[in-house]
Amino acid sequence: MKHFPIFLAVEGRRIVLSGGGDAAMAKLRLLMKTEAHLTVIAADIADDIHKWASQGKLRIIERAMEPGDALCAALFYAANEDDAEDARVSAIANAEGALFNIVDNLADSQFITPAIVDRDPVTVAIGTEGAAPVLARAIKADLEERLPTSLGILARIGKSFRHAVEVLPMGRKRRDFWSSFYFNAGPKAIAEAGETGVIPALEMLLDNHIMADTKEGHVDLVGAGPGDPELLTLKARNALDKADIVIHDRLVTGEILELARREAIIIDAGKTGFGPSMKQEDIDALIVQHALDGHHVVRLKAGDPTVFGRLDEEIEALEAADVSYRIIPGITAASAAVANIGQSLTKRGRNSAVRLITGHDTKGYADHDWAALAQPGEVAAIYMGKKSARFIQGRLLMHGADPATPVTIIENVSRADQQIIATTLAELEPTLTQADLQGPAITFYGLAPRDAASQIENIREFA
Ligand code: SAH
(Lines give C-alpha, C1' and ligand atoms only; values in the text may rest on other atoms or scores of the structure.)
Protein backbone atom coordinates (compact mmCIF):
# COMPACT_ATOMS: atom_id res chain seq x y z
CA MET A 1 0.00 0.00 0.00
CA LYS A 2 1.64 3.20 -1.11
CA HIS A 3 -1.35 5.25 0.05
CA PHE A 4 -3.05 4.68 3.38
CA PRO A 5 -6.78 5.43 3.40
CA ILE A 6 -8.10 7.50 6.31
CA PHE A 7 -11.18 9.62 6.96
CA LEU A 8 -10.05 13.11 7.87
CA ALA A 9 -12.13 15.23 10.27
CA VAL A 10 -12.74 18.42 8.24
CA GLU A 11 -15.80 19.84 9.98
CA GLY A 12 -15.06 23.52 10.58
CA ARG A 13 -11.55 23.31 9.11
CA ARG A 14 -10.18 25.12 6.07
CA ILE A 15 -9.69 23.53 2.70
CA VAL A 16 -8.07 25.80 0.13
CA LEU A 17 -8.15 25.29 -3.60
CA SER A 18 -6.16 27.20 -6.17
CA GLY A 19 -7.76 27.30 -9.62
CA GLY A 20 -10.99 28.49 -11.18
CA GLY A 21 -11.68 26.28 -14.21
CA ASP A 22 -13.07 22.83 -14.94
CA ALA A 23 -10.62 20.85 -12.81
CA ALA A 24 -11.36 23.18 -9.90
CA MET A 25 -15.11 22.77 -10.32
CA ALA A 26 -14.88 18.97 -10.42
CA LYS A 27 -13.01 18.94 -7.11
CA LEU A 28 -15.28 21.56 -5.57
CA ARG A 29 -18.36 19.47 -6.30
CA LEU A 30 -16.86 16.79 -4.07
CA LEU A 31 -15.52 19.18 -1.44
CA MET A 32 -18.88 20.92 -1.08
CA LYS A 33 -20.26 17.66 0.34
CA THR A 34 -18.01 18.17 3.37
CA GLU A 35 -18.53 20.47 6.35
CA ALA A 36 -15.20 22.20 5.75
CA HIS A 37 -14.75 25.94 5.07
CA LEU A 38 -13.76 26.19 1.42
CA THR A 39 -11.66 28.96 -0.07
CA VAL A 40 -11.07 29.22 -3.82
CA ILE A 41 -8.20 31.34 -5.02
CA ALA A 42 -7.60 32.24 -8.69
CA ALA A 43 -7.25 35.25 -10.91
CA ASP A 44 -9.91 33.90 -13.23
CA ILE A 45 -12.93 32.19 -11.70
CA ALA A 46 -15.75 30.41 -13.59
CA ASP A 47 -19.35 31.60 -13.25
CA ASP A 48 -20.51 28.45 -11.47
CA ILE A 49 -17.97 28.99 -8.73
CA HIS A 50 -19.20 32.58 -8.33
CA LYS A 51 -22.72 31.20 -8.02
CA TRP A 52 -21.63 28.76 -5.29
CA ALA A 53 -19.94 31.64 -3.49
CA SER A 54 -23.16 33.67 -3.58
CA GLN A 55 -24.98 30.66 -2.11
CA GLY A 56 -22.53 30.72 0.78
CA LYS A 57 -20.95 27.39 -0.12
CA LEU A 58 -17.43 28.76 -0.42
CA ARG A 59 -15.32 31.92 -0.29
CA ILE A 60 -13.53 33.42 -3.25
CA ILE A 61 -10.26 35.33 -3.42
CA GLU A 62 -9.99 36.62 -6.97
CA ARG A 63 -6.27 36.88 -7.58
CA ALA A 64 -3.31 34.52 -7.93
CA MET A 65 -2.38 32.72 -4.74
CA GLU A 66 0.13 34.37 -2.40
CA PRO A 67 2.07 33.24 0.68
CA GLY A 68 -0.24 33.23 3.69
CA ASP A 69 -3.29 32.05 1.74
CA ALA A 70 -3.05 28.46 2.96
CA LEU A 71 -2.42 29.19 6.63
CA CYS A 72 -4.32 26.83 8.96
CA ALA A 73 -5.62 24.83 5.99
CA ALA A 74 -6.00 21.10 6.56
CA LEU A 75 -5.90 20.32 2.84
CA PHE A 76 -4.85 22.13 -0.26
CA TYR A 77 -5.71 21.42 -3.88
CA ALA A 78 -3.75 22.80 -6.82
CA ALA A 79 -6.19 22.75 -9.74
CA ASN A 80 -4.85 25.39 -12.11
CA GLU A 81 -4.32 22.94 -14.97
CA ASP A 82 -0.91 24.57 -15.37
CA ASP A 83 2.13 22.63 -14.14
CA ALA A 84 4.28 25.62 -13.26
CA GLU A 85 1.50 27.43 -11.38
CA ASP A 86 0.45 24.21 -9.61
CA ALA A 87 4.05 23.64 -8.48
CA ARG A 88 4.31 27.23 -7.24
CA VAL A 89 1.07 27.20 -5.24
CA SER A 90 1.62 23.77 -3.74
CA ALA A 91 5.05 24.88 -2.54
CA ILE A 92 3.33 27.74 -0.69
CA ALA A 93 0.73 25.42 0.81
CA ASN A 94 3.41 22.96 1.84
CA ALA A 95 5.39 25.67 3.59
CA GLU A 96 2.21 26.69 5.41
CA GLY A 97 1.62 23.19 6.69
CA ALA A 98 -1.28 22.00 4.52
CA LEU A 99 -1.24 18.58 2.92
CA PHE A 100 -1.41 19.20 -0.81
CA ASN A 101 -2.80 17.48 -3.85
CA ILE A 102 -2.05 18.48 -7.41
CA VAL A 103 -4.96 17.46 -9.59
CA ASP A 104 -3.98 14.78 -12.11
CA ASN A 105 -0.43 14.66 -10.80
CA LEU A 106 -0.14 11.59 -8.62
CA ALA A 107 3.65 11.63 -8.39
CA ASP A 108 3.96 15.11 -6.89
CA SER A 109 0.89 14.94 -4.64
CA GLN A 110 1.02 14.24 -0.92
CA PHE A 111 -2.40 12.63 -0.98
CA ILE A 112 -4.91 11.54 -3.56
CA THR A 113 -8.69 11.75 -3.56
CA PRO A 114 -10.44 8.39 -3.87
CA ALA A 115 -13.53 7.60 -5.88
CA ILE A 116 -16.37 8.02 -3.41
CA VAL A 117 -19.71 6.32 -2.88
CA ASP A 118 -21.71 8.74 -0.79
CA ARG A 119 -24.42 7.40 1.50
CA ASP A 120 -23.59 9.94 4.16
CA PRO A 121 -22.79 9.11 6.97
CA VAL A 122 -21.74 5.90 5.24
CA THR A 123 -18.93 6.69 2.82
CA VAL A 124 -17.03 4.19 0.71
CA ALA A 125 -13.66 5.32 -0.62
CA ILE A 126 -12.09 3.43 -3.52
CA GLY A 127 -8.48 3.87 -4.52
CA THR A 128 -6.21 2.14 -6.98
CA GLU A 129 -3.14 4.29 -6.29
CA GLY A 130 -3.71 5.80 -9.69
CA ALA A 131 -3.12 2.46 -11.37
CA ALA A 132 -6.60 1.81 -12.70
CA PRO A 133 -9.10 4.68 -12.61
CA VAL A 134 -11.42 2.67 -14.86
CA LEU A 135 -11.49 -0.10 -12.30
CA ALA A 136 -12.25 2.37 -9.50
CA ARG A 137 -15.16 3.74 -11.53
CA ALA A 138 -16.51 0.26 -12.20
CA ILE A 139 -16.34 -0.65 -8.51
CA LYS A 140 -18.02 2.63 -7.63
CA ALA A 141 -20.84 1.99 -10.10
CA ASP A 142 -21.27 -1.51 -8.74
CA LEU A 143 -21.48 -0.29 -5.15
CA GLU A 144 -23.83 2.57 -6.04
CA GLU A 145 -26.16 -0.02 -7.43
CA ARG A 146 -25.86 -2.37 -4.49
CA LEU A 147 -26.13 0.07 -1.60
CA PRO A 148 -29.72 1.28 -1.25
CA THR A 149 -30.05 5.06 -1.25
CA SER A 150 -31.93 4.70 2.03
CA LEU A 151 -28.75 3.44 3.66
CA GLY A 152 -27.67 6.96 4.60
CA ILE A 153 -31.03 7.69 6.23
CA LEU A 154 -30.95 4.41 8.13
CA ALA A 155 -27.42 5.01 9.34
CA ARG A 156 -28.30 8.51 10.54
CA ILE A 157 -31.38 7.38 12.40
CA GLY A 158 -29.55 4.31 13.67
CA LYS A 159 -26.82 6.51 15.11
CA SER A 160 -29.35 8.49 17.14
CA PHE A 161 -30.74 5.20 18.46
CA ARG A 162 -27.42 3.69 19.52
CA HIS A 163 -27.85 4.67 23.13
CA ALA A 164 -31.23 2.91 23.44
CA VAL A 165 -29.74 -0.28 22.05
CA GLU A 166 -27.24 -0.44 24.88
CA VAL A 167 -29.88 -2.35 26.88
CA LEU A 168 -28.85 -5.33 24.78
CA PRO A 169 -25.65 -7.04 25.91
CA MET A 170 -22.59 -6.12 23.87
CA GLY A 171 -21.44 -8.49 21.16
CA ARG A 172 -23.56 -11.00 19.39
CA LYS A 173 -27.00 -9.79 20.56
CA ARG A 174 -26.34 -6.18 19.71
CA ARG A 175 -24.87 -7.09 16.35
CA ASP A 176 -27.86 -9.24 15.50
CA PHE A 177 -30.13 -6.32 16.29
CA TRP A 178 -28.27 -3.91 14.02
CA SER A 179 -27.94 -6.38 11.22
CA SER A 180 -31.69 -7.02 11.15
CA PHE A 181 -32.26 -3.24 11.29
CA TYR A 182 -30.01 -2.39 8.35
CA PHE A 183 -30.81 -5.32 6.14
CA ASN A 184 -34.38 -6.12 7.01
CA ALA A 185 -36.60 -4.03 9.29
CA GLY A 186 -35.10 -0.65 8.30
CA PRO A 187 -35.39 -0.89 4.49
CA LYS A 188 -38.86 -2.42 4.94
CA ALA A 189 -40.03 0.46 7.15
CA ILE A 190 -38.76 3.05 4.65
CA ALA A 191 -40.45 1.27 1.76
CA GLU A 192 -43.76 1.07 3.62
CA ALA A 193 -43.97 4.33 5.53
CA GLY A 194 -41.04 6.50 4.46
CA GLU A 195 -38.58 8.03 6.89
CA THR A 196 -41.19 8.51 9.62
CA GLY A 197 -41.73 4.74 9.78
CA VAL A 198 -38.16 4.06 10.84
CA ILE A 199 -38.25 4.99 14.53
CA PRO A 200 -41.41 2.95 15.31
CA ALA A 201 -39.85 0.02 13.45
CA LEU A 202 -36.68 0.39 15.48
CA GLU A 203 -38.63 0.42 18.74
CA MET A 204 -40.56 -2.68 17.82
CA LEU A 205 -37.43 -4.49 16.70
CA LEU A 206 -35.67 -3.62 19.95
CA ASP A 207 -38.56 -5.00 22.00
CA ASN A 208 -38.41 -8.25 20.07
CA HIS A 209 -34.69 -8.55 20.59
CA ILE A 210 -34.89 -7.81 24.30
CA MET A 211 -37.39 -10.62 24.64
CA ALA A 212 -35.48 -13.11 22.54
CA ASP A 213 -33.45 -15.75 24.36
CA THR A 214 -29.69 -15.51 24.35
CA LYS A 215 -28.43 -17.53 21.47
CA GLU A 216 -26.34 -20.58 22.01
CA GLY A 217 -22.91 -21.02 20.49
CA HIS A 218 -22.47 -22.89 17.27
CA VAL A 219 -19.60 -24.29 15.25
CA ASP A 220 -19.30 -24.35 11.47
CA LEU A 221 -16.66 -26.80 10.26
CA VAL A 222 -15.81 -25.08 7.01
CA GLY A 223 -13.77 -26.08 3.96
CA ALA A 224 -11.63 -23.14 2.81
CA GLY A 225 -10.67 -24.72 -0.51
CA PRO A 226 -7.11 -24.81 -1.83
CA GLY A 227 -6.31 -21.11 -1.45
CA ASP A 228 -7.99 -19.09 -4.18
CA PRO A 229 -10.80 -17.17 -2.42
CA GLU A 230 -12.98 -17.60 -5.49
CA LEU A 231 -12.99 -21.32 -4.81
CA LEU A 232 -14.82 -20.79 -1.53
CA THR A 233 -18.46 -21.85 -1.44
CA LEU A 234 -21.10 -19.19 -0.81
CA LYS A 235 -21.98 -21.02 2.39
CA ALA A 236 -18.39 -20.72 3.55
CA ARG A 237 -18.37 -17.00 2.74
CA ASN A 238 -21.58 -16.46 4.66
CA ALA A 239 -20.25 -18.36 7.65
CA LEU A 240 -17.07 -16.23 7.62
CA ASP A 241 -19.20 -13.16 7.40
CA LYS A 242 -21.00 -14.06 10.62
CA ALA A 243 -18.12 -15.53 12.59
CA ASP A 244 -17.20 -14.33 16.06
CA ILE A 245 -14.14 -16.58 16.16
CA VAL A 246 -12.23 -18.12 13.28
CA ILE A 247 -9.88 -20.99 14.12
CA HIS A 248 -7.86 -21.89 11.06
CA ASP A 249 -5.15 -24.31 10.08
CA ARG A 250 -1.76 -23.49 8.59
CA LEU A 251 -2.71 -23.90 4.94
CA VAL A 252 -5.55 -21.36 4.99
CA THR A 253 -4.38 -18.29 3.07
CA GLY A 254 -4.41 -14.69 4.29
CA GLU A 255 -6.65 -13.73 1.39
CA ILE A 256 -9.34 -16.02 2.74
CA LEU A 257 -8.93 -14.89 6.33
CA GLU A 258 -9.50 -11.35 5.14
CA LEU A 259 -13.05 -12.32 4.30
CA ALA A 260 -13.86 -12.98 7.95
CA ARG A 261 -16.08 -10.44 9.70
CA ARG A 262 -13.87 -7.54 10.69
CA GLU A 263 -14.52 -7.95 14.40
CA ALA A 264 -13.89 -11.70 14.33
CA ILE A 265 -11.04 -13.00 16.44
CA ILE A 266 -8.69 -15.04 14.27
CA ILE A 267 -6.82 -17.89 15.90
CA ASP A 268 -4.05 -19.78 14.12
CA ALA A 269 -4.16 -23.40 15.17
CA GLY A 270 -1.64 -24.30 12.47
CA LYS A 271 0.15 -27.52 12.94
CA THR A 272 3.52 -26.90 11.30
CA GLY A 273 5.94 -29.78 10.93
CA PHE A 274 8.39 -28.02 13.23
CA GLY A 275 8.08 -24.97 15.42
CA PRO A 276 5.14 -24.19 17.63
CA SER A 277 2.14 -26.38 17.03
CA MET A 278 -1.12 -27.02 18.76
CA LYS A 279 -2.07 -30.57 19.66
CA GLN A 280 -5.33 -31.84 18.18
CA GLU A 281 -6.84 -32.24 21.67
CA ASP A 282 -6.02 -28.61 22.39
CA ILE A 283 -7.70 -27.53 19.17
CA ASP A 284 -10.77 -29.62 20.02
CA ALA A 285 -10.93 -28.03 23.47
CA LEU A 286 -10.48 -24.52 22.05
CA ILE A 287 -13.35 -24.93 19.59
CA VAL A 288 -15.65 -26.35 22.26
CA GLN A 289 -14.79 -23.64 24.77
CA HIS A 290 -15.52 -20.76 22.42
CA ALA A 291 -18.82 -22.34 21.38
CA LEU A 292 -19.84 -22.85 25.03
CA ASP A 293 -19.10 -19.17 25.60
CA GLY A 294 -21.93 -18.47 23.14
CA HIS A 295 -19.85 -17.63 20.09
CA HIS A 296 -20.32 -18.46 16.47
CA VAL A 297 -17.11 -20.34 15.75
CA VAL A 298 -15.85 -21.02 12.25
CA ARG A 299 -13.36 -23.85 12.20
CA LEU A 300 -11.65 -23.19 8.89
CA LYS A 301 -9.76 -26.04 7.27
CA ALA A 302 -7.83 -26.07 4.01
CA GLY A 303 -9.53 -27.86 1.12
CA ASP A 304 -12.41 -30.01 2.26
CA PRO A 305 -12.72 -30.71 5.97
CA THR A 306 -13.71 -34.29 5.25
CA VAL A 307 -10.44 -35.09 3.49
CA PHE A 308 -7.45 -35.72 5.78
CA GLY A 309 -8.77 -33.04 8.07
CA ARG A 310 -9.14 -34.83 11.43
CA LEU A 311 -12.74 -33.75 11.26
CA ASP A 312 -14.13 -36.68 13.22
CA GLU A 313 -12.09 -35.91 16.29
CA GLU A 314 -13.50 -32.40 16.35
CA ILE A 315 -17.04 -33.62 15.79
CA GLU A 316 -16.72 -36.09 18.65
CA ALA A 317 -15.56 -33.31 20.96
CA LEU A 318 -18.49 -31.12 19.90
CA GLU A 319 -21.00 -33.90 20.36
CA ALA A 320 -19.60 -34.73 23.78
CA ALA A 321 -20.13 -31.10 24.80
CA ASP A 322 -23.56 -31.00 23.14
CA VAL A 323 -22.61 -28.11 20.87
CA SER A 324 -24.51 -27.66 17.61
CA TYR A 325 -22.39 -27.88 14.47
CA ARG A 326 -22.62 -27.97 10.71
CA ILE A 327 -20.16 -29.19 8.09
CA ILE A 328 -19.63 -26.96 5.07
CA PRO A 329 -17.70 -28.83 2.39
CA GLY A 330 -14.91 -27.28 0.39
CA ILE A 331 -12.97 -27.99 -2.77
CA THR A 332 -10.29 -30.48 -1.90
CA ALA A 333 -6.74 -30.00 -3.21
CA ALA A 334 -7.11 -33.00 -5.57
CA SER A 335 -10.19 -31.56 -7.32
CA ALA A 336 -8.63 -28.15 -7.83
CA ALA A 337 -5.30 -29.63 -8.90
CA VAL A 338 -6.71 -32.07 -11.43
CA ALA A 339 -8.73 -29.25 -12.99
CA ASN A 340 -5.55 -27.22 -13.37
CA ILE A 341 -3.80 -29.96 -15.33
CA GLY A 342 -6.84 -30.38 -17.58
CA GLN A 343 -7.52 -33.94 -16.52
CA SER A 344 -10.29 -35.97 -14.89
CA LEU A 345 -9.94 -37.96 -11.74
CA THR A 346 -11.79 -40.85 -13.36
CA LYS A 347 -11.96 -41.70 -17.04
CA ARG A 348 -13.86 -44.34 -18.94
CA GLY A 349 -11.54 -47.08 -20.07
CA ARG A 350 -8.68 -45.86 -17.89
CA ASN A 351 -9.75 -45.91 -14.27
CA SER A 352 -13.15 -46.37 -12.71
CA ALA A 353 -11.81 -45.67 -9.24
CA VAL A 354 -9.46 -43.11 -7.82
CA ARG A 355 -7.71 -43.24 -4.49
CA LEU A 356 -7.06 -40.32 -2.22
CA ILE A 357 -4.13 -41.45 -0.15
CA THR A 358 -1.93 -39.81 2.43
CA GLY A 359 1.85 -40.01 2.37
CA HIS A 360 2.01 -40.26 6.11
CA ASP A 361 -0.27 -40.50 9.08
CA THR A 362 0.20 -40.08 12.81
CA LYS A 363 2.32 -43.25 12.89
CA GLY A 364 4.75 -42.25 10.10
CA TYR A 365 4.76 -43.26 6.43
CA ALA A 366 1.35 -44.64 5.59
CA ASP A 367 1.00 -48.11 4.09
CA HIS A 368 -1.44 -48.77 1.25
CA ASP A 369 -2.44 -51.57 -1.07
CA TRP A 370 0.67 -51.08 -3.22
CA ALA A 371 0.07 -54.22 -5.30
CA ALA A 372 -3.31 -52.90 -6.43
CA LEU A 373 -1.95 -49.41 -7.09
CA ALA A 374 0.91 -50.82 -9.15
CA GLN A 375 -1.56 -52.12 -11.77
CA PRO A 376 -1.70 -50.22 -15.11
CA GLY A 377 -4.23 -47.40 -15.33
CA GLU A 378 -4.47 -46.81 -11.58
CA VAL A 379 -4.79 -43.21 -10.41
CA ALA A 380 -4.07 -41.89 -6.94
CA ALA A 381 -3.99 -38.39 -5.50
CA ILE A 382 -1.32 -38.37 -2.83
CA TYR A 383 -1.74 -35.84 -0.02
CA MET A 384 1.18 -35.00 2.26
CA GLY A 385 3.41 -36.85 -0.15
CA LYS A 386 6.55 -34.71 -0.20
CA LYS A 387 8.61 -36.32 2.54
CA SER A 388 7.26 -39.77 1.79
CA ALA A 389 7.93 -39.62 -1.96
CA ARG A 390 10.92 -41.96 -1.91
CA PHE A 391 9.04 -44.46 0.23
CA ILE A 392 5.99 -44.41 -2.08
CA GLN A 393 8.16 -44.68 -5.19
CA GLY A 394 10.06 -47.62 -3.73
CA ARG A 395 6.92 -49.49 -2.68
CA LEU A 396 5.23 -49.05 -6.07
CA LEU A 397 8.30 -50.12 -8.07
CA MET A 398 8.80 -53.10 -5.77
CA HIS A 399 5.23 -54.19 -6.52
CA GLY A 400 5.85 -54.06 -10.25
CA ALA A 401 4.56 -50.62 -11.23
CA ASP A 402 5.81 -49.39 -14.62
CA PRO A 403 8.67 -46.92 -14.00
CA ALA A 404 7.32 -44.83 -16.91
CA THR A 405 3.96 -44.26 -15.15
CA PRO A 406 3.27 -40.51 -15.29
CA VAL A 407 3.44 -38.59 -12.05
CA THR A 408 2.45 -34.94 -11.70
CA ILE A 409 3.24 -32.80 -8.69
CA ILE A 410 1.26 -29.60 -8.20
CA GLU A 411 2.44 -27.15 -5.60
CA ASN A 412 0.35 -24.25 -4.23
CA VAL A 413 -2.72 -25.31 -6.13
CA SER A 414 -4.95 -22.41 -7.25
CA ARG A 415 -2.62 -19.78 -5.82
CA ALA A 416 -0.62 -17.20 -7.76
CA ASP A 417 2.54 -19.24 -7.25
CA GLN A 418 1.11 -22.55 -8.42
CA GLN A 419 3.70 -24.81 -9.98
CA ILE A 420 3.13 -27.96 -12.02
CA ILE A 421 5.89 -30.51 -12.34
CA ALA A 422 5.45 -33.38 -14.80
CA THR A 423 7.65 -36.43 -14.23
CA THR A 424 7.50 -40.22 -14.06
CA LEU A 425 7.49 -42.75 -11.26
CA ALA A 426 11.13 -43.60 -11.98
CA GLU A 427 12.12 -39.94 -11.73
CA LEU A 428 9.85 -38.90 -8.84
CA GLU A 429 12.95 -38.81 -6.71
CA PRO A 430 15.26 -36.98 -7.52
CA THR A 431 12.78 -34.61 -9.20
CA LEU A 432 11.21 -33.66 -5.90
CA THR A 433 14.49 -33.07 -4.12
CA GLN A 434 15.66 -30.97 -7.02
CA ALA A 435 12.44 -28.91 -7.06
CA ASP A 436 12.78 -28.18 -3.32
CA LEU A 437 9.11 -27.23 -2.93
CA GLN A 438 8.25 -24.92 -0.04
CA GLY A 439 4.46 -24.85 -0.36
CA PRO A 440 1.85 -27.60 0.03
CA ALA A 441 1.90 -30.05 -2.86
CA ILE A 442 -0.31 -32.80 -4.14
CA THR A 443 1.06 -35.63 -6.24
CA PHE A 444 -0.93 -37.44 -8.90
CA TYR A 445 0.20 -40.95 -9.57
CA GLY A 446 -0.98 -42.17 -13.01
CA LEU A 447 -1.86 -38.72 -14.44
CA ALA A 448 0.12 -36.41 -16.72
CA PRO A 449 -0.95 -32.87 -17.52
CA ARG A 450 -3.08 -32.70 -20.64
CA ASP A 451 -0.96 -31.48 -23.53
CA ALA A 452 -3.22 -28.61 -24.51
CA ALA A 453 -0.98 -25.77 -23.48
CA SER A 454 -3.97 -23.49 -23.17
CA GLN A 455 -5.00 -25.42 -20.08
CA ILE A 456 -1.74 -25.16 -18.25
CA GLU A 457 0.62 -22.47 -17.19
CA ASN A 458 4.07 -22.77 -15.66
CA ILE A 459 4.77 -26.43 -16.34
CA ARG A 460 8.30 -27.35 -15.49
CA GLU A 461 9.43 -30.45 -17.32
CA PHE A 462 11.83 -32.68 -15.47
CA ALA A 463 13.48 -35.94 -16.53
N1 SAH B 1 -8.33 -31.05 3.78
C2 SAH B 1 -7.31 -30.76 2.80
C3 SAH B 1 -6.12 -31.68 2.96
C4 SAH B 1 -5.38 -31.49 4.25
S5 SAH B 1 -3.95 -32.46 4.37
C6 SAH B 1 -7.90 -30.85 1.41
O7 SAH B 1 -9.03 -31.29 1.26
O8 SAH B 1 -7.24 -30.43 0.47
C9 SAH B 1 -2.71 -31.35 3.81
C10 SAH B 1 -2.25 -31.73 2.42
O11 SAH B 1 -3.21 -31.32 1.47
C12 SAH B 1 -0.99 -31.05 1.98
O13 SAH B 1 0.16 -31.71 2.47
C14 SAH B 1 -1.09 -31.15 0.48
O15 SAH B 1 -0.75 -32.44 0.04
C16 SAH B 1 -2.58 -30.98 0.26
N17 SAH B 1 -2.93 -29.59 -0.03
C18 SAH B 1 -3.77 -28.79 0.65
N19 SAH B 1 -3.87 -27.58 0.06
C20 SAH B 1 -3.08 -27.62 -1.02
C21 SAH B 1 -2.74 -26.70 -2.05
N22 SAH B 1 -3.24 -25.47 -2.08
N23 SAH B 1 -1.88 -27.10 -3.00
C24 SAH B 1 -1.36 -28.33 -3.00
N25 SAH B 1 -1.65 -29.24 -2.07
C26 SAH B 1 -2.48 -28.90 -1.10
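For this chain, numbers begin at 1 and follow the sequence in order. When a ligand or atom number is given, it counts from 1 through the structure's own listing order.
Taking the side chain to side chain contact (heavy atoms under 4.5 Å, CB included) definition, one finds that Phe111 meets it with Leu75, Tyr77, Leu99, Asn101, Thr113, sequence neighbours left out. For Glu281, the salt bridge (charged side-chain N to carboxylate O under 4.0 Å, His left out) criterion is met by no residue, not counting sequence neighbours.
Formation of a donor-acceptor pair under 3.5 Å by the Asn351 side chain with backbone atoms of Gly377 is not found in this model.
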Please report, to 0.1 Å, the donor-acceptor pairs under 3.5 Å made by any side chain of residues 402-409, with sequence neighbours excluded.
{"from": "Asp402", "atom 1": "OD1", "to": "Ala404", "atom 2": "N", "distance (Å)": "2.8"}
{"from": "Thr405", "atom 1": "OG1", "to": "Asp402", "atom 2": "O", "distance (Å)": "2.5"}
{"from": "Thr408", "atom 1": "OG1", "to": "Leu447", "atom 2": "O", "distance (Å)": "2.5"}

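A distance limit of 4.0 angstrom between heavy atoms and ligand 1 selects the residues Pro226, Leu251, Ala302, Gly303, Asp304, Val307, Phe308, Thr332, Ala333, Tyr383, Met384, Ile410, Asn412, Val413, Arg415, Pro440, Ala441, Ile442.
Side chains of His218 and Asp220: a donor on one and an acceptor on the other come within 3.5 Å.
With respect to Glu411, the side chain to side chain donor-acceptor pair (under 3.5 Å) criterion is satisfied by exactly one of Gln418, Gln419, Gln438: Gln419.
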